[in-house]
Amino acid sequence: MDTAIWKPVALVKDISPDTHTLRVMHEGEAVCLYELDGQVCATQDKCPHGNASLAEGWVEDGTIECPLHQGVFDIATGKPQCPPVTTDLRCYEIRVEEGTVYLRADEA
Ligand code: FES
């Protein structure tokens with residue numbers, strides 16, 4: 001039985017069709033939502049390399065490019081793809097029901 005707690009954070013339609021991103025707050029952390037050809041993903045919003053919001057970056061071919069120093073991450077895995085980024089992004093478990101995006105809450 002799935003006892004996980006899922007918290008609503010946004011509507012899918014609120015994810016920008018231009019940038020394919022939306023910054024939301026989840027349990028005190030900034031999270032970036034991505035809409036990729038109908039699939040929604042979520043990673044931490046703050047770039048681990050510096051003080052940049054990935055929601056302000058560029059989405060291309062399943063990757064997000066940081067707006068500050070152009071580090072690139074794979075959105076689905078959080079893996080860095082090129083310098084200067086070397087640290088994985090945290091990826092969040094996500095669920096979409098009736099147009100609402102839910103993120104899994106940390107265990108208490
Ligand atoms: Fe993101 Fe430097 S702050 S690559």
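Note that these values count all heavy atoms, side chains included, but never hydrogens, waters or copies made by symmetry. First listed ligand is number 1; within each ligand, the first listed atom is number 1.
- Which parts of ligand 1 touch Leu68 is read off a 4.0 Å heavy-atom cut-off, strictly below it: atoms 3 (S).
- Around atom CD of Gln39, no more than 12 heavy atoms belonging to other residues, nucleotides or ligands sit under 6.0 Å away.
- Of all atoms in ligand 1, numbered sequentially from 1 with element shown, those under 4.0 Å from a heavy atom of Val85 are 4 (S).
- Interface atoms of ligand 1 facing Gly50, defined by a heavy-atom separation under 4.0 Å, are 3 (S).
- At a cut-off of 2.8 Å, His69 does not coordinate atom 1 (Fe) of ligand 1 through any N, O or S atom.
- For the atom pair NE2 of His49 and NZ of Lys46, the computed distance is 10.5 Å after rounding to the nearest 0.5 Å.
- Distance check: Ile75 CD1 to Leu89 CG gives 9.0 Å after rounding to the nearest 0.5 Å.
- Residue contact check: Cys66 has heavy atoms under 4.0 Å from atoms 1 (Fe), 3 (S), 4 (S) of ligand 1.
- Between Glu60 and Glu65, the closest side-chain pair of non-hydrogen atoms is not below 4.5 Å.
- Note that CG of Leu11 is 5.0 Å distant from OG1 of Thr100, once rounded to the nearest 0.5 Å.
- His49 lies apart from atom 1 (Fe) of ligand 1 in this respect, since none of its N, O or S atoms is found at a distance under 2.8 Å.
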